[in-house]
Structure formats: C-alpha cells, structure tokens
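All values reported here derive from a predicted model rather than from experimental measurement. First listed ligand is number 1; within each ligand, the first listed atom is number 1.
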Amino acid sequence: MIYNDIDFNTKKVLITGGAGFIGSNLAFYFQENFPECEVVVFDKFRSEETFSNGNLKSFGHFKNLLGFHGEIISGDINCASDIEKLKTYNFDYIFHQAAISDTTVMDQAIMVQTNVNAFKTLLDMAIDMNANMIYASSAATYGDSDVFSIGYEKPNNVYGFSKLMMDNLAYKYMKKSPISIVGLRYFNVYGEREFFKNKTASMVLQFGLQLLSGKNAKLFEGSDKIRRDFIYIQDVIQANIKACEPKKSGVYNVGTGNARSFQDIVDTIKNELNIQITDEYIPNPFIGQYQFFTEADISLSEEFLEYKPRFSLEEGIKSYINEIKRIDKNG
Ligand SMILES: NC(=O)c1ccc[n+]([C@@H]2O[C@H](COP(=O)([O-])OP(=O)(O)OC[C@H]3O[C@@H](n4cnc5c(N)ncnc54)[C@H](O)[C@@H]3O)[C@@H](O)[C@H]2O)c1
C-alpha cells in the first residue's frame, strides 16, 4: 500500500526501535514497497535485564526482523558513542520508535532519560543532517483526561509523563528548526510482530491466545464499559508515512476515532474463531493508573496528515487472526 507520492526508493531512513513491534513493521513496509530504500534499524535488542516491575528492559527481538535485508545496528539511544555511529549517515527521515514502551515501569529516572533526554540528542542529530523527524508519542499523555485532543493532557504514570515531555520538547524545536517534526500519539496498537512484547502485547493477542488454547478469556470486571481506541498496525504505518511530509509540523492523534470495549474484542475474536465459551472476570489491579476510556480526536490528523484509518476493530482482527493462530501453533 502506497500512502503518498514520496519515492522512498531514493531515500535513507533510520528506524530507532526497529527490532520492536511498530519499528519492525515500518522496516518491512519500506522493504516491501520500496526495495531500493536504504533502511537502517537501530535497537538495543533484548537481554535478560529487567525493571523493578519484573518486565524486560527492552523488547526488541531478532525474530521480528527475520527476512529483513537492510542494515541493523545494536545500540542504546542513551549512549553517546552509539549515537555517534549514526552521524555518518545522511538520513532523509528518522522514525524514532525506541523507548521504554512498558507503561507499568515505575523507574522514573531511566524512563525520563530514555524517552525524553535521548530524544533531544536525536532531534539535534536530525537537524544537523536535515532529516525530517517522525516520533512515537502516546495516548498515555491523556491519562485521566476525558478529552482526547491536543492540550488536554493529564498523564497518570511516568510513561505518559515522559511522552508528554517529548511533545513539549518537540514543540520547542518546531519553532526554531527547518526540518518537519511530527509526534504521533498512538492509541492502543495491535497487530503482527507484537508477540515479543510478552505481557505488554495488546489484549487482542492475549485474548486470542487464551481462547485458542481452550481457556476462558480473562477480562477485568466491567469490561463491557471499559472502552479504548484500538488501532490496527497498518493504520499506524499509514500515519507514519503520511507524517513524512506533513502540511504542518505538530503532534497528532493516531486512533480510529471510535472507542470499543474489551468485551467487544473478546466477542469479535470468538466470532472469528467460531468459539463459544464463557468469559472469566477478574478484579482490575491497576485502578488509579488505568484509562477506562480513550477515543482519539483525529480531526487534526485528518486535516494536516491526511490520515484516514482504514480498519475497524472487526476488520483489524479479521486481518490479524491467522497470525494469532500461527503464534498459537509455533510461538
Ligand atoms: N504499541 C502501542 O500500543 C503504543 C502505544 C503508544 C505509544 N507507543 C510507542 O511506540 C513506540 C514503539 O512501541 P512498540 O509497541 O513497538 O514497543 P516495543 O517495545 O516493541 O519497541 C520499542 C523498541 O525500542 C527498543 N529500545 C528500548 N530501549 C532502547 C534504548 N535505550 N536504545 C535503543 N533501543 C531501545 C526495544 O528493544 C524495542 O525494540 C514506543 O515509543 C512506544 O512508547 C506504542
């Protein structure tokens, strides 16, 4: 799918976090649609190291890149000498996806350093090489807000706070820099190549695997009323590509514009799999730091990026379900 008339075959592209879920999908987008595009993936990859919540410090996995023909660099965005290696390239576009993506990490110093401070280094690098910057922000910036438009942020965890601080920094740079800078506030993303995010992968995958293994889907109590804006990976890729040459630099929401419940996810998967099994309801342990409702206001994304989501929840799950079946069989 080609989303605009940029000929990426003549371009050099950096994808930080390119061994992760969204970054690896971007890498394959270029490989499949623009085989001459020079794609460099920069990622810390995973090790056994964990944060205080017990989850891995980084989720990048080589298997997300099996079949990728571009160049890969193992490096840490917090490490000056690793970033130095990138300065010899003359990138046209930088897709900055590398981050602590786990919203439940409580280690504040490393969260701010990785998500905010390293971003500043990359912004400076982008300006030096005249590369347009497209970076991952998050709907977590809205936190406790009940308005999902730019300017109504109320983050309720350090992850959401760090993404909001990235946006604030980006606004400062937009005022003074010649490159275009676009922050994309992804809502809840699901789709191919998310498996290696372990427990932090989307509930679409987790419910799918529970159901395929013959178990009941485990939902939080009141899940028919917990509604979020679930967005399929292909629409996230669309937003990234359209953000390469925006009508205006800015921070934009990336969602469907339609909140759906967690119960809808389970019902849709059961329908796709033709499974009839009762659901199990458990108390929600995250109350206080949990978003009960999100729904992207995509009016600015439509206007300035010409972004138009193509997948409803039903269509996204339909497109994804065979991959969930494959994961259930082979891991
Ligand atoms: N998936 C979602 O629903 C969602 C929603 C909102 C925002 N985001 C943001 O989108 C981006 C991509 O998320 P994802 O879902 O693909 O998560 P992911 O964890 O799969 O990808 C992040 C990648 O960054 C790498 N990384 C982590 N720390 C690094 C470091 N210090 N140096 C270099 N690489 C490092 C990881 O190894 C991983 O490959 C992140 O910035 C995340 O915060 C994701």
Side-chain angles (χ1 to χ4, degrees), residues 14-27 40-47 49 51 55-65 72-83 85-86 95-105 107 110-119 121-122 134-143 148 155 157-167 183-206 228-233 235-237 239-240 251-255 291 294 296 316:
L14 169 65
I15 305 171
T16 72
F21 166 34
I22 296 168
S24 60
N25 277 286
L26 264 173
V40 176
V41 159
F42 180 92
D43 201 291
K44 187 174 161 180
F45 291 86
R46 68 181 54 204
S47 65
E49 276 184 81
F51 285 118
N55 292 346
L56 288 181
K57 281 197 170 172
S58 50
F59 294 111
H61 199 297
F62 78 91
K63 285 194 175 172
N64 282 333
L65 290 170
I72 58 168
I73 300 174
S74 167
D76 189 326
I77 51 172
N78 296 317
C79 171
S81 60
D82 288 347
I83 295 293
K85 291 179 201 158
L86 297 174
F95 297 89
H96 177 44
Q97 307 297 319
I100 296 175
S101 63
D102 181 349
T103 60
T104 65
V105 167
D107 311 60
I110 186 68
M111 181 74 84
V112 172
Q113 186 187 328
T114 307
N115 291 6
V116 190
N117 303 150
F119 177 46
T121 312
L122 288 166
I134 301 98
Y135 72 92
S137 179
S138 171
T141 52
Y142 295 113
F148 302 93
N157 55 32
V158 65
Y159 169 80
F161 170 80
S162 74
K163 291 288 179 179
L164 181 57
M165 294 301 116
M166 286 176 79
D167 294 342
L184 297 173
R185 286 189 179 162
Y186 308 146
F187 279 61
N188 280 71
V189 191
Y190 63 96
E192 288 78 357
R193 302 192 177 91
E194 64 166 318
F195 173 65
F196 294 106
K197 291 181 71 174
N198 302 350
K199 278 193 291 189
T200 74
S202 78
M203 289 314 297
V204 173
L205 178 60
Q206 303 197 39
R228 299 259 184 98
D229 195 328
F230 299 102
I231 181 79
Y232 187 48
I233 184 68
D235 281 329
V236 170
I237 299 303
N240 273 273
V251 177
Y252 298 101
N253 287 334
V254 179
Q291 288 176 300
T294 66

When you measure from atom 19 (O) of ligand 1 to every protein heavy atom, which one gives the shortest distance, and what is it?
Ser101 OG, 2.7 Å

A student checking ligand 1 against Gly20 at a 4.0 Å heavy-atom cut-off should list atoms 20 (O), 21 (O), 38 (C), 39 (O)

May I ask you to identify, for Ser137, whether its side chain, its backbone, both or neither come under 4.0 Å of ligand 1 on a heavy-atom basis?
backbone

Heavy-atom pairs closer than 4.0 Å: do any link ligand 1 to the side chain of Glu194, the backbone, both, or neither?
neither

Can you tell me how far the CD1 atom of Ile22 sits from the CD1 atom of Ile15, to the nearest 0.5 Å?
12.0 Å

N/O of Lys197 under 3.5 Å from N/O of ligand 1, yes or no?
yes

For Ile100, is at least one N or O under 3.5 Å away from an N or O on ligand 1?
no

Gly23 N/O under 3.5 Å from ligand 1 N/O
no

Under 4.0 Å from one or more heavy atoms of Thr114, ligand 1 contributes atoms 31 (N)

Does ligand 1 have a heavy atom under 4.0 Å from the side chain of Phe187, from its backbone, from both, or from neither?
backbone

Which atom of Ser137 lies closest to which atom of Asp167, heavy atoms considered:
OG-OD2, 2.9 Å

One residue to check: Lys163. Relative to ligand 1, which of side chain, backbone, both or neither has a non-hydrogen atom less than 4.0 Å away?
side chain

Any atoms of ligand 1 less than 4.0 Å from a non-hydrogen atom of Asn78? List them with their elements.
31 (N)

What protein heavy atom lies closest to atom 3 (O) of ligand 1? Include the residue and the distance to one decimal.
Val189 N, 3.0 Å

Under 3.5 Å: N/O of Ala98 near N/O of ligand 1
no

Enumerated ligand 1 atoms positioned under 4.0 Å from heavy atoms of Gly75:
32 (N), 33 (C)

Considering heavy atoms of the protein only, find what lies nearest to atom 28 (N) of ligand 1 and give residue, atom and distance to 0.1 Å.
Ala99 O, 3.7 Å

Test item: Asp102 side-chain N/O and Thr200 main-chain N/O as donor-acceptor pair under 3.5 Å
no

Protein heavy-atom partner closest to atom 20 (O) of ligand 1 - residue, atom, separation in Å:
Phe21 N, 2.9 Å

With heavy-atom distances below 4.0 Å as the criterion, list the atoms of ligand 1 near Gly17.
23 (C), 24 (O), 39 (O)

Under 6.0 Å between the ring centres of Tyr190 and Phe230?
no

For Ile72, I'd like to know if atom CD1 has over 12 heavy atoms of other residues, nucleotides or ligands within 6.0 Å.
no

What is the closest protein heavy atom to atom 39 (O) of ligand 1, and at what distance does it sit?
Asp43 OD2, 2.6 Å

Identify which of Tyr186, Phe95, Tyr190, Phe59 has a heavy atom lying nearest to atom 44 (C) of ligand 1.
Tyr186

Evaluate Phe42 for polar contact with ligand 1, using N/O atom pairs at a separation under 3.5 Å.
no

For Ala99 and Lys163, the nearest pair of non-hydrogen atoms, with its separation, is CB-NZ, 3.7 Å

For Tyr159 and Asn115, which heavy atoms make the closest approach, and how far apart are they?
CD1-ND2, 4.0 Å

Where Leu164 and Arg185 come nearest, the two heavy atoms and their spacing
CD1-NH2, 3.8 Å

Taking atom NZ of Lys199 and atom CD of Gln206, what is their separation to the nearest 0.5 Å?
9.5 Å

Does Ser58 use its side chain to pair, donor to acceptor, with the backbone of Gly60 at less than 3.5 Å?
no

For the rings on Phe119 and Tyr135, is their centre-to-centre separation under 6.0 Å?
yes

Give a yes-or-no answer on whether the side chains of Thr16 and Gln97 include a donor-acceptor pair shorter than 3.5 Å.
no

Mark the output for Tyr159 as yes if a heavy-atom distance to ligand 1 is under 4.0 Å, and as no if none is.
yes

Hey, which atoms in ligand 1 end up nearer than 4.0 Å to a heavy atom of Gly60?
36 (C), 37 (O), 38 (C), 39 (O)

Quick one about Tyr186 and Asp229 (side-chain donor to acceptor, distance below 3.5 Å, no hydrogens or angles considered), yes or no?
no

Examine the side chains of Thr114 and Asn78 and answer whether a donor and an acceptor come within less than 3.5 Å of each other.
yes

Between Phe59 and Phe196, is the gap from one ring center to the other below 6.0 Å?
no

Would a 4.5 Å heavy-atom cut-off, applied to side chains only, mark Ile110 and Phe51 as touching?
yes

Would you say Ala139 and ligand 1 have an N/O pair spaced under 3.5 Å apart?
no

Just wondering, do Ile77 and His96 contact through their side chains at under 4.5 Å, heavy atoms?
yes

If you scan protein heavy atoms around atom 16 (O) of ligand 1, the nearest is Ile22 N, 2.8 Å

Is any N or O atom of Ser138, backbone or side chain, closer than 3.5 Å to an N or O atom of ligand 1?
no

Any N or O on Gln97 sitting closer than 3.5 Å to an N or O of ligand 1?
yes

Considering only protein heavy atoms, which is closest to atom 31 (N) of ligand 1, and at what distance to one decimal place?
Asp76 OD1, 2.8 Å

Check: Ala136 N/O within less than 3.5 Å of ligand 1 N/O
no

Considering only the protein, which heavy-atom contact is closest to atom 35 (C) of ligand 1, and what is its distance?
Lys44 CB, 3.7 Å

